[in-house]
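Below you'll find the structure, written out as structure tokens, and then a few comments.
All values reported here derive from a predicted model rather than from experimental measurement.
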Amino acid sequence: WAILTRVSLLRGDDAGTHDLQTDYCRRLVAAEGGTIVFEGHDTESGLTTRREDYQTALAMARRREIDAVAVYRYDRFGRDNAETFARIKELAGLGVRLVSATEGADPLTRDILLVLAQEESRRTSLRVHPRQLELARAGRMTPRPPWAYRLEIDPDSPDPLHPRRR
């Protein structure tokens, strides 16, 4: 088994911490009598497919090193439905199951929950984006630095938290 957890880098996450998600997944694998060979913990948006541990789990599946992937909730696997459904189909073709520790293994339920998760992500973006624009227009920092910047703490600056070009 591979365990794959994900928390969002972009905002607070209602899916809890990596530790909480891992604990639920470990209990699932133990109940199934499985052996964990990989635990991956990505801290990135589920809309991003470049997540390092996500890619590692997929590579392990392709090499037939795992027969199942445990996630806390299906939306922890991904929130881009085109990518997520393609990878689920690929995993199934490889004989690898994707199982949620909290939502069961029913494919219809999984698919419905994934569609709802992507819609939730879209609606959150629509709600948050206007506020980010408002903050930017006011010259205030948005919750994350703009693209191509990173947040650095400069204790000698009158504004110790400010974006600095990479």
Side-chain angles (χ1 to χ4, degrees), residues 1-129 132 142-145 147 150-153 166:
W1 283 73
I3 290 176
L4 197 55
T5 68
R6 182 183 63 77
V7 295
S8 179
L9 164 72
L10 305 178
R11 61 177 174 79
D13 204 318
D14 64 349
T17 64
H18 288 298
D19 289 341
L20 173 107
Q21 293 179 37
T22 300
D23 182 55
Y24 273 83
C25 291
R26 284 178 182 157
R27 284 190 265 158
L28 167 69
V29 174
E32 295 268 335
T35 302
I36 299 165
V37 296
F38 175 72
E39 289 186 4
H41 311 288
D42 288 318
T43 304
E44 247 179 297
S45 167
L47 296 172
T48 302
T49 61
R50 298 179 317 261
R51 300 186 318 269
E52 184 177 345
D53 288 341
Y54 169 78
Q55 290 298 330
T56 298
L58 292 175
M60 292 178 77
R62 291 172 185 135
R63 291 189 305 264
R64 311 260 196 247
E65 296 173 2
I66 56 174
D67 57 6
V69 176
V71 292
Y72 174 69
R73 287 191 334 219
Y74 287 115
D75 69 346
R76 303 297 85 195
F77 189 67
R79 286 206 170 187
D80 175 344
N81 284 343
E83 164 71 13
T84 301
F85 287 125
R87 294 300 70 81
I88 290 171
K89 183 176 181 179
E90 178 185 6
L91 290 174
L94 295 167
V96 177
R97 297 182 302 140
L98 176 66
V99 183
S100 167
T102 60
E103 297 167 327
D106 176 63
L108 178 60
T109 302
R110 176 200 64 211
D111 293 354
I112 290 169
L113 291 171
L114 284 167
V115 168
L116 292 173
Q118 182 175 332
E119 178 61 14
E120 175 190 2
S121 180
R122 186 189 71 78
R123 293 175 63 87
T124 298
S125 293
L126 290 173
R127 185 184 75 247
V128 170
H129 186 70
Q132 289 176 332
T142 59
R144 60 187 161 123
W147 184 84
R150 69 172 178 243
L151 189 62
E152 290 186 356
I153 298 175
R166 286 185 190 174

Which pair of non-hydrogen atoms, one from [X] and one from [Y], has the smallest distance, and what is that distance?
{"X": "Ala70", "Y": "Val29", "answer": "CB-CG2, 4.2 Å"}
{"X": "Val37", "Y": "Met60", "answer": "CG2-CE, 3.8 Å"}
{"X": "Ser45", "Y": "Ser8", "answer": "CA-OG, 4.5 Å"}
{"X": "Ile66", "Y": "Ala2", "answer": "CD1-CB, 3.7 Å"}
{"X": "Ser100", "Y": "Arg73", "answer": "OG-CA, 3.6 Å"}

How many angstroms lie between atom [atom1] of [X] and atom [atom2] of [Y], to the nearest 0.5 angstrom?
{"X": "Leu98", "Y": "Arg76", "atom1": "CG", "atom2": "CZ", "answer": "13.0 Å"}
{"X": "Arg63", "Y": "Leu58", "atom1": "CZ", "atom2": "CG", "answer": "10.5 Å"}
{"X": "Phe38", "Y": "Thr56", "atom1": "CZ", "atom2": "OG1", "answer": "4.5 Å"}
{"X": "Asp75", "Y": "Asn81", "atom1": "CG", "atom2": "CG", "answer": "10.5 Å"}
{"X": "Trp1", "Y": "Thr35", "atom1": "CH2", "atom2": "OG1", "answer": "11.0 Å"}
{"X": "Arg26", "Y": "Ile3", "atom1": "CZ", "atom2": "CD1", "answer": "6.0 Å"}

Considering only residues two or more places apart or on different chains, which pairs with a residue in residues 46-56 satisfy salt bridge (charged side-chain N to carboxylate O under 4.0 Å, His left out)?
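Those involving residues 46-56 are Asp42-Arg51.
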
Quick test of your reading: applying salt bridge (charged side-chain N to carboxylate O under 4.0 Å, His left out), list the pairs with at least one residue in residues 84-99, sequence neighbours left out, ordered by first then second residue.
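Output for this query lists Glu32-Arg97, Arg62-Glu90, Glu83-Arg87, Arg87-Glu90.
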
Quick one: does Gln21's side chain have a donor or acceptor within less than 3.5 Å of a partner on Val71's backbone?
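Checking the backbone N and O of Val71 against the side chain of Gln21, no donor-acceptor pair under 3.5 Å is found.
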
What residue among Leu108, Leu113, Asp106, Leu114 forms side chain to side chain contact (heavy atoms under 4.5 Å, CB included) with Arg110?
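Single side chain to side chain contact (heavy atoms under 4.5 Å, CB included) partner of Arg110 among Leu108, Leu113, Asp106, Leu114: Leu114.
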
Name the one of Thr22, Leu20, Leu28, Asp23 that satisfies side chain to side chain contact (heavy atoms under 4.5 Å, CB included) with Tyr72?
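Testing Tyr72 for a side chain to side chain contact (heavy atoms under 4.5 Å, CB included) against Thr22, Leu20, Leu28, Asp23 leaves exactly one candidate, Leu20.
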
Show the numbers, then the answer: is there a side-chain contact (heavy atoms from CB on, under 4.5 Å) between Thr48 and Tyr54?
CA-CA 10 Å; Thr48 302; Tyr54 169 78; over 6 Å; no

Any side-chain heavy-atom pair of Tyr74 and Ile88 under 4.5 Å:
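No. Closest side-chain heavy atoms not under 4.5 Å.
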
Can you list the residues that meet the side-chain hydrogen bond (donor to acceptor under 3.5 Å, both in side chains) rule with Thr84, with sequence neighbours excluded?
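Thr84 satisfies side-chain hydrogen bond (donor to acceptor under 3.5 Å, both in side chains) with no residue once adjacent residues are dropped.
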
